[in-house]
Amino acid sequence: MKKDIRKEKLEKGKIIPLTFDYVFTAIFNNPENIKILENFLSCYLEMPLEKLRGKVKIVPRNLKLESKMEASKQVDLILELEDEKINIELSNRVNVGIINRNIVYACGIHSRNLKYGEKDYNNIGRTIQINLNHYHTNQKLKETYYLRNEEGRILSKKFRIDFLDMVIGKKMCYTGSENNLAKWCVAFTAETEEEFLRAVGEIMMEEEAREKLIDEVNKYSNDEEVFALYSAYTRQELEYNTFMADAKEKGIKKGLKKGLKQGLKQGIQQGIQQGIEQGIQQGIEKGIEQGKQERNIEIARNMLDNHYTIDEVCEILKITREQIETLSQMDT
C-alpha cells in the first residue's frame with residue numbers, strides 16, 4: 001500500500017522555512033504582501049521606508065528566452081523600483097553553475113532596463129541582483145560586486161550583484177548583534193516557530209508587515225500539499241548530500257589511480273601533480289553526474305506513483321516537462 005504523505009504534518013513547533021523555494025516565491029511574489037517586501041528592501045538598501053512606499057512593483061518572472069529548455073527556467077523575484085530593476089535570488093547550495101546562471105539572469109534583466117523608445121543608453125536604469133545565500137561563502141555578511149578593471153576601478157555602477165550570507169547573519173545574531181539585516185537572515189532560515197517569532201519580533205519593521213509575514217509562514221506551514229512538497233524536497237536534499245559524499249570519495253579514489261598512472265608516464269613531478277588533479281576532477285564529475293541522473297529518475301518515478309503532478313515534480317527536481325513526459329513514456 002502506498003503511503004499518503006499528504007496527510008502528514010510538521011512536528012509540533014516546526015515551520016517550513018522561508019529558504020524553501022516554493023514558500024519563498026509564494027510569499028514574496030504575491031502583490032498582497034508588498035509591505036513585507038518594502039520593509040525588507042528598506043533594511044537591505046538602507047533606504048527610508050517612506051521613499052519606498054507605493055514604489056515597489058512585482059513584475060512577471062518569465063524571461064523572454066528562445067528555447068523550450070530555457071523557457072522552463074525562472075528567476076525567483078523581479079521588482080521595479082522607479083527606474084531600477086531588483087532581482088532577488090534564493091540559493092541553498094554551493095554551486096558555481098548556479099552563480100553563473102544567476103549572472104545570466106541579471107544580464108538578461110539589465111538588457112531590458114532601457115525604457116521603450118529610449119535610445120540614449122546614458123538613461124538606462126540600474127539593475128541590482130541580491131543573492132540570498134543559505135550557505136557560508138563570504139567573509140562578511142554582505143558583499144557587493146561591480147564590473148571593475150585590474151586596478152579595481154569600477155567600469156559602471158549601473159550593474160550590481162550582491163551576496164547576502166545568511167549563515168554569517170545567523171551567527172551574528174547568536175553573538176548578540178543588533179544588525180537588523182542579520183535578524184532578517186534568522187527569520188529566513190528559522191525552522192522552528194520559536195526562533196522565527198523571536199527574529200521577526202526583533203526586526204525593525206511595520207507591525208502590519210510583521211503580522212502579515214507571520215500569517216503567511218503559518219499558512220504554508222499548515223498546508224498539507226505544501227508540506228508534501230517540502231517533505232519530498234528535504235528527502236531529496238538528504239539523498240543528494242549523502243550521494244555527493246559517496247561520489248566524492250569514490251571519485252577521489254578513482255581519480256587518484258588514474259592521475260598517478262598518467263603522472264608516472266610523464267616522468268616528472270609536474271606531470272604527476274597535474275595528472276592526479278585532472279583524474280580526481282574527472283572522477284568526481286563523472287560519478288556525481290551519473291549518480292544524480294539515476295537518483296532523479298528514481299525520485300521522479302516515486303513522486304509520479306504517489307500522485308504528484310508533472311508541474312510539482314518539475315518544481316522540486318528542477319527538471320523540464322519534456323524530461324518528465326519522457327520518463328512517463330519509459331514507464332509505460
Side-chain angles (χ1 to χ4, degrees), residues 18-19 24-25 28 36-52 55-59 61 63 75-114 121-173 175 177-189 199 203-205:
L18 287 166
T19 49
F24 176 81
T25 54
F28 287 91
I36 300 175
L37 275 169
E38 289 174 343
N39 279 263
F40 172 70
L41 288 175
S42 174
C43 172
Y44 188 88
L45 299 175
E46 298 179 358
M47 182 181 297
L49 189 57
E50 294 74 19
K51 291 188 176 181
L52 291 170
K55 297 179 181 178
V56 179
K57 178 184 176 183
I58 299 173
V59 298
R61 293 186 296 163
L63 297 176
V75 299
D76 288 336
L77 180 61
I78 304 177
L79 308 171
E80 285 183 353
L81 177 58
E82 295 184 326
D83 62 340
E84 295 184 346
K85 289 283 196 309
I86 300 176
N87 169 216
I88 300 180
E89 293 294 328
L90 174 67
S91 301
N92 286 298
R93 289 180 180 172
V94 179
N95 190 318
V96 174
I98 290 175
I99 294 175
N100 290 334
R101 179 202 67 183
N102 290 350
I103 291 174
V104 171
Y105 284 168
C107 290
I109 294 167
H110 190 60
S111 69
R112 295 188 301 280
N113 215 3
L114 191 67
Y121 281 84
N122 290 320
N123 297 328
I124 193 169
R126 185 170 66 157
T127 297
I128 303 175
Q129 182 180 80
I130 302 172
N131 291 275
L132 305 177
N133 291 345
H134 189 203
Y135 52 82
H136 180 45
T137 55
N138 299 340
Q139 297 301 315
K140 54 185 180 180
L141 176 63
K142 176 180 172 182
E143 291 186 344
T144 295
Y145 293 82
Y146 294 100
L147 296 173
R148 302 174 184 268
N149 66 1
E150 294 87 344
E151 289 74 35
R153 181 169 60 86
I154 297 176
L155 180 65
S156 172
K157 285 196 172 183
K158 293 285 188 177
F159 186 74
R160 164 182 159 186
I161 295 180
D162 286 4
F163 291 91
L164 178 66
D165 192 320
M166 293 192 288
V167 175
I168 289 180
K170 200 165 186 175
K171 290 180 179 178
M172 288 173 60
C173 286
T175 57
S177 173
E178 293 299 319
N179 186 300
N180 208 42
L181 187 56
K183 293 175 183 177
W184 272 103
C185 293
V186 178
F188 274 117
T189 58
I203 293 173
M204 294 178 59
M205 62 190 302

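Values below: all heavy atoms of this structure, side chains included; hydrogens, waters and symmetry mates excluded.
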message: Ignoring hydrogens, what is the shortest heavy-atom contact between K158 and S156? Give both atom names and the distance.
response: N-OG, 3.0 Å
message: In the structure I gave you, are the side-chain heavy atoms of I109 and Q129 within less than 4.5 Å of one another anywhere?
response: no
message: Once side-chain contact (heavy atoms from CB on, under 4.5 Å) is applied, do any residues pair with L45, and if so which ones, sequence neighbours excluded?
response: L41, M47, L81, I86, I128
query: Quick one: does N149's side chain get under 4.5 Å of L155's, heavy atoms only?
result: no
statement: Contacts of K157 meeting side-chain contact (heavy atoms from CB on, under 4.5 Å) (sequence neighbours excluded), chain-then-number -> Y146, I154
query: Is there a donor-acceptor pair under 3.5 Å between the side chain of N180 and the backbone N or O of M204?
result: yes
field: Closest non-hydrogen atom pair between V167 and D165, with its separation
entry: N-OD1, 3.0 Å
- line: Residue pairs meeting salt bridge (Lys or Arg N to Asp or Glu O under 4.0 Å), one or both in residues 128-146, sequence neighbours left out, come to none
field: Contacts of type side chain to side chain donor-acceptor pair (under 3.5 Å), residue E38, not counting sequence neighbours
entry: R53
Qualifying salt bridge (Lys or Arg N to Asp or Glu O under 4.0 Å) pairs with a residue from residues 83-92, counting only residues at least two apart or across chains: E80-K85, E84-R126
- line: Distance col, row R160:CZ vs N87:CG, nearest 0.5 angstrom, shows 13.0 Å
field: With sequence neighbours excluded, residues passing salt bridge (charged side-chain N to carboxylate O under 4.0 Å, His left out) with E150
entry: none
field: Which atom of A187 lies closest to which atom of L18, heavy atoms considered
entry: O-CD1, 3.7 Å
- prompt: Taking only residues two or more places apart in sequence, or in another chain, which ones meet N123 in a side-chain contact (heavy atoms from CB on, under 4.5 Å)?
  reply: E118, D120
task: Applying side chain to side chain contact (heavy atoms under 4.5 Å, CB included), run through T19 and T189 and close with a yes or a no.
output: CA-CA 6 Å; T19 49; T189 58; 4.0 Å; yes
- prompt: Which heavy atom in C185 sits nearest to a heavy atom in L141, and how many Å separate them?
  reply: SG-CD1, 3.9 Å
- line: dist E82:CD -> K55:NZ (nearest 0.5 Å) comes out at 4.5 Å
- prompt: Roughly how far apart are F188 CZ and L132 CG, rounded to 0.5 Å?
  reply: 5.5 Å
field: Which residues share a side chain to side chain donor-acceptor pair (under 3.5 Å) with E178, sequence neighbours left out
entry: K183
message: Please find the pair of heavy atoms, one from G169 and one from A182, that lie closest to each other, and give the distance.
response: O-CB, 3.5 Å
message: For F24, give me all partners under ring-ring contact (aromatic ring centres under 6.0 Å, His included), at least two apart in sequence or on another chain.
response: F28
message: Checking the side chain of N133 only, and the main-chain atoms of L90 only, is there a donor and an acceptor separated by less than 3.5 Å?
response: no
query: Nearest heavy-atom pair of N102 and S91: which atoms, and what distance?
result: ND2-OG, 3.7 Å
statement: Residues passing the side-chain contact (heavy atoms from CB on, under 4.5 Å) test with S177, sequence neighbours excluded, are M172, N179
query: If you measure from CD1 on I161 to CD1 on I130, what distance do you get to the nearest 0.5 Å?
result: 11.5 Å
message: Quick one, I203 and C43 - any side-chain contact, counting heavy atoms below 4.5 Å?
response: no
message: If I take atom CG from residue L181 and atom CG from residue L164, how far apart are they, to the nearest 0.5 angstrom?
response: 5.0 Å
field: Straight-line distance of I36 CD1 to M205 CE, nearest 0.5 Å
entry: 6.5 Å
task: Check side chain to side chain donor-acceptor pair (under 3.5 Å) between T144 and all other residues, then give those that pass, not counting sequence neighbours.
output: D162
task: Scan residues 147-171 for pairs that pass ring-ring contact (aromatic ring centres under 6.0 Å, His included), counting only residues two or more places apart or in two chains.
output: H110-F159, Y145-F163
